[in-house]
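Worksheet: the structure to be examined is printed underneath.
In this text, all values refer to a predicted model and were calculated from it rather than measured experimentally. We count ligands from 1, going down the list as the structure has it; atoms in each ligand are counted the same way.
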Amino acid sequence: MGAQIIDGEAVADKIRQEVESDAAELKSKGLAPHLVAVQVGENPASRMYTNMQAKNCESVGIEYDLRTFPEDISQADLIGEIGRLNNDTAVTGMILQMPLPRQIDARQVQVMIAPEKDVEGMHPVNMGRLFYGGGHVAPCTPLAAVELLKRTEPDLAGKEAVVVGHSEIVGKPIAMLLLESLDASPTVTVCHVATKDLAAHTKRAEVLVVAAGVSQARWLGYNRKKKKGEDVQPPALTPLVTADMLREGAVVIDVAINRIPKGFDETGEPLKNKKGKNAMKTVGDVDYEGALEKVGAITPVPGGVGPVTVAMLLQNTIACAKAMG
Ligand code: NAD
């Protein structure tokens, strides 16, 4: 029997509907949710995100403003601006757009956002609340991964859960969210780059969450060396988790987004598309086609965790507005 394909777009739509009704209720109580994105200078990649944020907020009735500061703003002045937004009671949420210019230390600025307005759930206070329990927000991608998991397998109590990846923004918070319940959490193992026998862990996982981004890291590493003129062979861009590493019937959440070439020619150059650019594809860390024959359910990449991550930003925005009420 083929696996259930976990439809991230459908889950994201449901969350957006919930957010829309929450936003309307908050407005009726005079607590209009209002998200401000802080951007320094102009950046095409950042603009793509801010346009998406604006569209998403508008579609659910959240007010959205983009405040763009000059490229050469000093760190002290930027912190001053954040302070003003913290004190503005009409602003209920804030997001700091990346990348930032060199003179700005992103971490130092990010911690100046009031934890109550931290819609990304990345402030150390909110990370601490995640650890102790009882926080109002958490980082969006971990929330998305766990939301998809719980909607697919509501009973996680005592199950063998394996998380691959232990970064502060993805892997570790996923483990914390899985351990949130006092009496109904799964048993969580966290694997990472120094894990000796990854397959031994993934093979016993009833629930597997993978967030490593290995094939993209290999491709970028190869590309860097090649540009420096080093004599390197194209890397094998095979998935980190192959079908033989999976447990029959497992629920698999593939968080990774690897943008990698479709293949290489004999000179080690990526194959080209019709426009003469590198022909690229987007894949996760799990061998999706192979997994379909083996697991109980799996998220596709793209179309799994990604769309739900965006919906979680909206959900966090509502949670911040409520917390200010
Ligand atoms: P990161 O580079 O900060 O961390 C990578 C993690 O993978 C590390 O914990 C490392 O120990 C682990 N790892 C590396 N090689 C490994 C190996 N061979 N075996 C086991 N573990 C290994 O990356 P990140 O920011 O945590 O992101 C992880 C992935 O999630 C990336 O592919 C990223 O693009 C993706 N991501 C997706 C979303 C989304 O919305 N879906 C959002 C953020 C990140």
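- Protein residues having a heavy atom under 4.0 Å from any atom of ligand 1 are Thr141, Val164, Gly165, His166, Ser167, Ile169, Val170, His192, Val193, Ala211, Ala212, Gly213, Val214, Leu240, Val255, Ala256, Ile257, Val305, Gly306, Thr309, listed by chain and number.
- Expressed to the nearest 0.5 Å, how far CG of Asp72 lies from CZ of Arg102 amounts to 15.0 Å.
- Linking Ile, Leu, Val, Met, Phe, Trp and Tyr whenever their side-chain heavy atoms come within less than 4.5 Å puts Ile104 and Ile82 in one cluster.
- Test Gln53, Arg67, Gln39 against Gln97 for side chain to side chain donor-acceptor pair (under 3.5 Å) and you get one pass: Gln53.
- Lys228 pairs in a side-chain contact (heavy atoms from CB on, under 4.5 Å) with only one of the listed residues (Glu230, Lys225, Arg224), which is Glu230.
- There is no path of hydrophobic side-chain contacts, each under 4.5 Å, that joins Leu100 to Met48.
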I'd like a table of donor-acceptor pairs (distance under 3.5 Å, sequence neighbours excluded) in which one partner is a side-chain atom from residues 313-322, with atom names and distances.
unit_1 : atom_1 : unit_2 : atom_2 : d
Asn316 : ND2    : Val119 : O      : 2.9
Asn316 : ND2    : Ala138 : O      : 2.9
Thr317 : OG1    : Leu313 : O      : 2.7

